[in-house]
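Below you'll find the structure, written out as structure tokens, and then a few comments.
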Amino acid sequence: MATLASLVDLSDRLAATAGRLEKRRLVAEYLKMLAPEDVPIATLFLTGRAFPPSDPRTLNVRSLPAAPSAPGEPPLTLVDVAMAFAEVAEASGAGARRAREARLAALAARATPGEHALVDRIIAGELRTGVSDGLVLESIAQAAGADLALVRRAALFLGDLSAVAPLALTGGAAALAGVAPRLFVPLLPMLAEIGTGFEDVLSAHGGASALEYKYDGARIQLHADADRVAIWSRRLSDVTRSLPDVVAIARRDLGRLPVILDGEVVALDAAGRPLPFQELMRRFRRVHGVEALAGEMPLALHFFDCLLVEGRSLIDAPCIERWEALASVTGGRYLAEHAVIDSVDAAQAFQARALAAGHEGVMAKDLASAYEPGGRGKRWLKIKAAETVDCVVIAADRGSGRRMGWLSNYHLAVRDGEGFAPVGKTFKGLTDREFAWMTARLGALALADDGYTVTVRPQVVVEVDYNEIQKSPRYPSGLALRFARIARIREDKSPAQATTLEELRALYERQFTTKGRAV
Ligand code: AMP
């Protein structure tokens, strides 16, 4: 059994190594020498997780207690830590808090200072070794001598590197190739790129495209068989308990089980009008009084994809065939508004209907395309009436005057490779409650503080409206958002799903199709 000390040693060496290739080699060597039962645990811990992403358990603690350290024999193992985490997460009922504290204190008492610090970093969700999920994925391929594309595909289907690593290391290419979507294991949702007009859409999609209304709600993935229904959010948290009405629909109205469906839920007010996204998030977070809230805030359900029907995977089937399967599963109900178009005029007419009905735009899908879990590309293009970008908050300035006490001026960045490129700042768009929320959230993510600006871990995603994208001599990216304003906080998005610098450049160029270019 691998010792915790071996992982401390590895993470020290990773932190001291700048080169990506060298980091990959170190992780691959480490994985290779592990016993099979240690591989999933090591993979989880290396990616800064106590549990797999789709596992609903959480630790609900911030750190290990500072205990007098009396490391003795036998040394702590990875399995010891995994068992302690499981017991902490599963403690419930009266006395749960005391049980959790006692369990953590027992773990802390056996840890060396280095081990203590490592466990704290796992609890905090980041090892700070400069090792991303992508790098761990490459290391798994290298350790198993397997094709990177196969490992990546398996990771998308299983949504969990700690399930992929043992499969690759023990079963090799054959086991990886056999991975298909599994009922009750959520897949990463397929994502859309920003589309730059219907001419481009039609040419990217070979002359015809499936257009759908783009609903302004929250993504859900629903898995159902005769006995069980489970629903996950876009970030793969289990939201089944927050959506009893959707569960009831699945039980009552879906055919051809088992199925996996992809769709969007929109919250409605009593008069049936769509409610702001923040209200819907309230339902996603709700644990108590769910039924009452479901009564106050009914949901409209719009499915747009079907990944599994009668237990058979449709993941590689063309988009249009998946749509037909979806229509038969739902009997034509609970669907997104959908039409196949082959001209710009038809597309514009469809978009006009979508906007008139109050939706934010349209999605255009390549009829021949397979479903690519986690993939973002031109197979799905989004065309919004008012363009927004999704930025990551990388720092915040302290407010003054009315905003005293708050972190209220946010430094916005887009994704640039594995890092983030600043493109603007804003203090506009948030309510007082949201300022307070942001201040607490960013405070918890603080990395550095010069008394005025707090630099934070890039975790919080905000959707940003702007007036124009400008050339900027100030930012290394060369671009800046003019009159940036936060349209909403996107708790449902991870930083990896933020807008890329490349997309921002394309939006910058597109401006000149409607505006003259300054000289
Ligand atoms: P965005 O969040 O701006 O990147 O847009 C992509 C999101 O739009 C998806 O993740 C879905 O949550 C949402 N969406 C709304 N309607 C559709 C649709 N018809 N097809 C696909 N995604 C949709």
Side-chain angles (χ1 to χ4, degrees), residues 186-196 201 205 209-222 231-237 239 246 261-267 274 277-278 280-281 284 299-307 319-320 322-323 326-327 330 334-341 347 350-351 353-355 357-367 369 371-392 414-415 461-466 486-500 503-504 506-507:
L187 297 88
L188 285 173
M190 182 159 172
L191 302 171
E193 211 169 78
I194 298 172
T196 48
V201 164
H205 292 173
S209 185
L211 293 199
E212 291 166 6
Y213 286 6
K214 184 174 190 303
Y215 299 94
D216 187 12
R219 187 81 174 258
I220 56 163
Q221 188 179 125
L222 181 144
I231 307 170
W232 283 274
S233 70
R234 175 186 179 122
R235 294 184 75 168
L236 307 189
S237 35
V239 291
V246 180
L261 307 184
D262 189 5
E264 186 93 354
V265 285
V266 183
F277 177 80
Q278 244 68 38
L280 177 60
M281 285 291 115
F284 268 33
L299 296 179
L301 188 53
H302 302 284
F303 289 119
F304 46 74
D305 218 315
C306 176
L307 315 187
C319 173
I320 194 68
R322 301 198 308 274
W323 174 264
L326 174 65
T330 61
Y334 315 114
L335 293 182
E337 196 63 32
H338 168 107
V340 175
I341 55 91
F350 186 88
Q351 183 187 38
R353 275 206 288 139
L355 298 181
H359 303 294
E360 57 176 357
V362 299
M363 299 286 295
K365 301 181 180 177
D366 183 340
L367 299 169
S369 63
Y371 191 93
E372 288 171 29
R376 182 206 299 278
K378 298 209 183 305
R379 273 79 57 196
W380 284 17
L381 291 167
K382 56 183 177 191
I383 294 140
K384 294 195 203 173
E387 202 49 69
T388 58
V389 290
D390 295 319
C391 294
V392 178
V414 293
R415 225 143 48 78
V461 179
V462 291
E463 186 175 333
V464 179
D465 274 326
Y466 55 88
I486 296 179
R488 58 196 186 186
I489 302 168
R490 293 295 304 251
E491 281 180 85
D492 62 319
K493 285 207 172 185
S494 68
Q497 296 173 343
T499 301
T500 61
E503 285 179 305
L504 196 68
L507 288 171

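For this chain, numbers begin at 1 and follow the sequence in order. Heavy atoms only: backbone and side chains are in, while hydrogens, waters and symmetry mates are out. One-based numbering, in listed order, for ligands and for the atoms of each.
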Which of the numbered atoms in ligand 1 are under 4.0 angstrom from any heavy atom belonging to Tyr213? 16 (N), 17 (C), 18 (C), 19 (N)

Aromatic plane relationship, Tyr215 with His302 - under 30° parallel, 30 to 60° tilted, over 60° perpendicular: parallel

In the protein, what heavy atom is nearest to atom 23 (C) of ligand 1, and what distance, to one decimal place, separates them? Phe304 CE2, 3.5 Å

What protein heavy atom sits nearest atom 9 (C) of ligand 1, and how far away is it? Arg219 NH1, 3.4 Å

Tell me yes or no: between the side chains of Arg234 and Gln497, is some donor less than 3.5 Å from an acceptor? yes

Can you list the ligand 1 atoms lying under 4.0 Å from a non-hydrogen atom of Arg490? 2 (O)

Salt bridge or not between Asp366 and Lys378? Use side-chain N to carboxylate O under 4.0 Å. no

Can a side-chain donor-acceptor contact be found between Glu212 and His338 if the only test is distance below 3.5 angstrom? yes

Out of Glu360, His338, Lys382, who is nearest to atom 3 (O) of ligand 1 when you count heavy atoms only? Lys382

Counting heavy atoms only, which part of Tyr215 comes closer than 4.0 Å to ligand 1: side chain, backbone, both or neither? both

In terms of heavy-atom contacts, Leu191 and Trp380 come closest through O-CB, 3.8 Å

Pair Lys384 + Glu463, salt bridge at N-O below 4.0 Å: yes

Select one of side chain, backbone, both or neither to describe which atoms of His302 lie under 4.0 Å from any atom of ligand 1, heavy atoms only. neither

Closest to atom 20 (N) of ligand 1 among protein heavy atoms sits Lys365 NZ, 2.9 Å

On a heavy-atom basis, which atom in Ala339 and which in Phe350 lie closest, and how many Å separate them? CB-CE1, 3.7 Å

Note: ligand 1 atoms sitting under 4.0 Å from heavy atoms of Arg234 are 2 (O), 7 (C), 9 (C), 10 (O)

Taking distance alone, with N or O pairs closer than 3.5 Å, would you say Asp390 contacts ligand 1? no

Determine whether the side chains of Ser369 and Lys365 contain a donor N or O and an acceptor N or O closer than 3.5 Å. no

Atom 8 (O) of ligand 1: which protein heavy atom is closest, and how many Å away? Lys214 NZ, 3.3 Å

Any atoms of ligand 1 less than 4.0 Å from a non-hydrogen atom of Lys384? List them with their elements. 3 (O)

To which protein heavy atom is atom 2 (O) of ligand 1 closest, and what is the distance rounded to 0.1 Å? Lys493 NZ, 3.2 Å

Among non-hydrogen protein atoms, atom 13 (C) of ligand 1 lies closest to Glu264 OE1, 3.1 Å

At under 4.0 Å between heavy atoms, is it the side chain or the backbone of Gln497 that contacts ligand 1, or both, or neither? neither

Glu264/Arg219 salt bridge by N-O under 4.0 Å criterion: no

Heavy-atom contacts under 4.0 Å between Glu212 and ligand 1: side chain, backbone, both, or neither? side chain

Do Arg379 and Glu372 meet the salt-bridge criterion of a basic N to acidic O distance under 4.0 Å? yes

